[in-house]
Amino acid sequence: MTVLVGSFFLAVALGIPISASIGISAVLYILLYAPVSLAIIAQQMTIGIDSFPLLAIPLFLLAGLLMSESNITARIIRFADALVGRIVGGLAMVMVISCMIFGAISGSGVADVTAIGSLMLPAMERQGYRKGLSASLLGCAGSLGTVIPPSIVMIILGVTTGTSIGKLYLGGFIPGVFTGVCLMALSWMYARRMGLPAGDAFTVRKLLVSFKEAFLSLMTPVIIIGGIITGVFTATEAAAVASAYALILGLFVYRSLMLSQLPGIFLRVAETTGIILFIISAAALFGWILAAEQIPQRMAEFFLSISHNYYVLLILINVLLLILGTFMETIAIIIIVVPVLMPLVTGLGMDPVHFGVMVTVNMAIGANTPPVGVDLIAACRVGHTTLDDAMPYIWPFVTAMTVALTIITFIPALVTFIPHTFMR
Amino acid sequence: MNSKLIQNLTRLLEQTLIILSVLISGVVFLQVVFRYVLQQPLFWSEELPRYLLIWMSFLAAARAQKDEAHINIALCLTPLPIVAQRWIRLFTNLVILAFLAILVYSGTLVIDITAHHRSTALQIPMAAVYAALPVGAILMMLYLVLQIAQDIKILGGKNS
C-alpha cells in the first residue's frame, strides 16, 4: 500500500504526467506483490475505457468546440448583459451568468473559462477591474461548467460509481446556479467597495432583441436536459444530438463556422479525449488493485473509527477532498478516491446522486485552489496575469464556493429535488 | 524529430484520429436516428463506437505524447536549477519508457489469450480491440525516444 501511494506521489512530484504516474505505481505494485499474469495490466487498462457512457466525453467536447468556434459566446454575453448589466459591478455579473449559460452547453471548466474569458476579461479591464480580481472570479465561475449539466466530471463519476449520469446532470442544476449566485453576491460587494461602474439602463426591448439573437444557442441545453428528463436520450445520445445541432447551427444558420475548420476541431476532440481517457485507463488498473486489496472496506473502517455521526463524516470527507483537490487532478481523484468513499456514504444512508453532486462542487473548488487549480491557471492565462496577482482575490471567492458547498452538503433536497421529481 | 518518415507517420496518425473522431460521432448520432426516428435500432451501433473509442484514445495518447500535452505538475521542479531539471527529466522519461514497454509486452499477452474470442454483436476478434493499447504504446515510445534523444543532445552540449 505504501509502495502504491508513495510511488504515485513521487512520480507526480518528479513531473511525470498524471496518467503515467498512476500507471507506473500500479505496475510497480503488481511486479512486486501480485502473483498474477502481466496480461492483467493491458486487460484492465482496455476494459477500463470500454464503456458506452464514456463516449459522451468526445461528443460533449465536440459540441462545446463547435459552439465556441461558431462565436456563439458573443451572443450569450450580449443576452447576459441585457439581463444583469444594469447592476453595480454589472460586467462581473455578466461574466458569471455567461459562464453558467456556456456551462450548460460545454462540459468542462477550462473550456468555459477560455470561451467566456477571452471576450469578457478585456472588457472588464477597460472598466477598471483589477486583473487578479476578474481572473479569480472567472476561474470560479468557469468551474461551474462541470457542476451545471452537461459535465465531463459527472460522466466519469457516473461510470466509475455506477450512478445514473442523467440524475447527476439534473441534480447539478440547482447547486450550480446556487453557487453562481453566491459568486455574484460576493462580486457585487467587491464592486460596491471598489466603485466599479454599472452598465447601461435595463430595457425590455434590449432583452428581447438579445434573447432572440441568442435563442437558438440557448436551445442546446434545452435539448440536452429535455431529452434526458423525458427519457428520450441517454447522456451519450444527448451529446451526439447536441453536436449535430451545433454543427447545423454553425454551418448553416449562423454561417460562422467554415468547413475547413472541421478537421482541426475533430483532431482537438480526439487529442483531448485521449489525454482524459489515458488517465481513466491507468486509473482503472489502479482501481483494480485497490479493490483487490479491499481498500474501500479498510477506508470505511477508518472513517467509522473516527465517528459514526453522519454530519461529522460528511465534513471529514469534504475536507479530505478539498485537501486532495489542491494538489491532485480532478479526474484522478474521481476515479481513484470516490469509488472508495461511495460504499461508506451509501452505507450511512446518503443518496448516491447527492454524494456525486457534492463531490463535483467540491472538485470545482479544487480546480481553483493553487498549486494545482486548472481553472484558475487557465483564467490567469486568458487574462494575461499571474497566480500571484490572483492570490489576494481567489480566497474570498473560494470561501464563497465553500459556503455553497456546505449548504449543498447539508440540504440534500437542493440536489435531489429535480432528479427525484422528473426521473424515477 | 524532423525526419521525413516521422513527419509522414505523424500525418497518418492525425488523419486516422480525425477519421475515428468523425466515425464515433457519426455512429452514435445514427443510433439515435435509427432508434427514435426510424424505430429500428441498429444491433452494432453500441459496440462499434465503444471499440473505436478505445483505438482513438490510445492513438490520441500518442499524439499527445508528441505534443507533450499529457497533464503533469511541473511545480515541484521549478525551484531547481535548469540543468538539474534536465537530468530529472531524462530519468523520468526513461522510467516512462520502461512503463510503456511493459504495456506493450502485457498487450501482446492479452492478444494471445483473446486470439479466438469474438465480440458479441459484430463478431470482431477481441484481439483487434486489445491491440489498440500496445500499438498506441509503441507510438508513444517512438515519440518519447525522439524526445529523449533531443534532451541527451542538449545535456551533452551543456557538459562539453
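Lettering follows sequence order; numbering is per chain, from 1.
- Contact count versus chain A (heavy atoms, under 4.5 Å) is highest, among B:Thr92, B:Asn93, B:Asp112, for B:Thr92.
- Within the 4.5 Å cutoff, the side chain of A:Ser51 has no heavy atoms near those of the B:Arg50 side chain.
- A pairwise comparison of heavy atoms in B:Leu103 and A:Ala42 identifies O-CB, 4.5 Å as the closest pair.
- Of the atoms belonging to B:Met126, not a single heavy atom falls under 4.5 Å from chain A.
- Across B:Gly136, B:Ala62, B:Cys76, the residue that shares the most heavy-atom pairs under 4.5 angstrom with chain A is B:Cys76.
- Shown here for A:Gln43 and B:Val110, the closest heavy-atom pair between the two residues is N-CG2, 3.8 Å.
- Around atom CZ of A:Phe52, more than 12 heavy atoms belonging to other residues, nucleotides or ligands sit under 6.0 Å away.
- At a 4.5 Å heavy-atom cutoff, the contact between A:Pro58 and chain B is made by side-chain atoms alone.
- Neither the backbone nor the side chain of A:Ile280 comes within contact range of chain B; no heavy atoms are under 4.5 Å apart.
- Between chain B and the residues A:Thr46, A:Asp50, A:Val241, A:Val374, the largest count of heavy-atom pairs under 4.5 Å involves A:Asp50.
- One distance of note links OG of A:Ser21 with CG of B:Asn72; it measures 8.5 Å at 0.5 Å rounding.
- Remark: B:Tyr36 OH is packed, more than 12 non-hydrogen atoms of other residues, nucleotides or ligands lying under 6.0 Å away.
- Ranked by non-hydrogen atom pairs under 4.5 Å with chain A, the options B:Ser57, B:Ser106, B:Gly26 are led by B:Ser106.
- Of the two parts of A:Val12, the backbone and the side chain both hold a non-hydrogen atom closer than 4.5 Å to a non-hydrogen atom of chain B.
- We find the OG1-CG distance between B:Thr16 and A:Leu267 to be 10.5 Å, quoted to the nearest 0.5 Å.
- Put simply, CD1 on B:Ile71 and CD1 on A:Ile18 are 7.0 Å apart, with the number rounded to the nearest 0.5 Å.
- Within the 4.5 angstrom heavy-atom criterion, atoms from both the backbone and the side chain of B:Phe29 approach chain A.
- Both the backbone and the side chain of A:Ile41 come within contact range of chain B, judged by heavy atoms closer than 4.5 Å.
- Of all heavy-atom pairs between A:Ile275 and B:Ala69, the closest is CD1-O, 3.5 Å.
- Looking at A:Ser243, there are no atoms closer than 4.5 Å to chain B (heavy atoms on both sides), in backbone or side chain.
- Using a 4.5 Å heavy-atom threshold, the side chains of A:Phe266 and B:Ile19 count as separate.
- Interatomic distance, B:Ile54 CD1 to A:Ser281 OG, rounded to the nearest 0.5 Å: 9.0 Å.
- Note: B:His70 and A:Phe278 have tilted aromatic rings, judged against thresholds of 30 and 60 degrees for the angle between ring planes.
- Among A:Leu28, A:Ile24, A:Ile16, the one residue that satisfies the side-chain contact (heavy atoms from CB on, under 4.5 Å) test with B:Phe99 is A:Ile24.
- Only the side chain of B:Gln31 comes within less than 4.5 Å of a heavy atom of chain A; its backbone N, CA, C and O stay farther away.
- Considering only heavy-atom pairs separated by less than 4.5 Å from chain A, the leading option among B:Ala64, B:Ala61, B:Ala98 is B:Ala64.
- Interface residue A:Glu237: backbone and side-chain heavy atoms are both found under 4.5 Å from chain B.
- Note: B:Ser25 leads B:Ala137, B:Ser25, B:Ala132, B:Gly107 in heavy-atom pairs under 4.5 Å with chain A.
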Self-check item: From CA spacing to verdict: side-chain contact (heavy atoms from CB on, under 4.5 Å), B:Leu109, A:Ser37
Solution: CA-CA 9 Å; B:Leu109 291 181; A:Ser37 158; 4.1 Å; yes

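- Looking at B:Ile73, both its backbone and its side chain come within 4.5 Å of chain A, counting heavy atoms on both sides.
- For chain A, no part of B:Arg89 is nearby; none of its heavy atoms comes within less than 4.5 Å.
- For a residue to count as touching a neighbouring chain, one of its non-hydrogen atoms must lie under 4.5 Å from one of that chain's; by this rule B:Leu17 touches chain A with backbone and side chain alike.
- Taking every heavy atom of both residues into account, A:Ala240 and B:Val28 meet most closely at CB-CG1, 3.6 Å.
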Quiz item: Does the side-chain contact (heavy atoms from CB on, under 4.5 Å) test come out yes or no for A:Leu14 and B:Ile88, once each step is laid out?
Solution: CA-CA 7 Å; A:Leu14 286 174; B:Ile88 291 174; 3.9 Å; yes

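- Between chain A and the residues B:Leu77, B:Val95, B:Leu100, B:Val129, the most heavy-atom pairs under 4.5 angstrom are made by B:Leu77.
- Looking at B:Ile102, only its side chain comes within 4.5 Å of chain A, counting heavy atoms on both sides.
- The distance from atom OG1 of A:Thr273 to atom CG of B:Leu59, rounded to the nearest 0.5 Å, is 12.5 Å.
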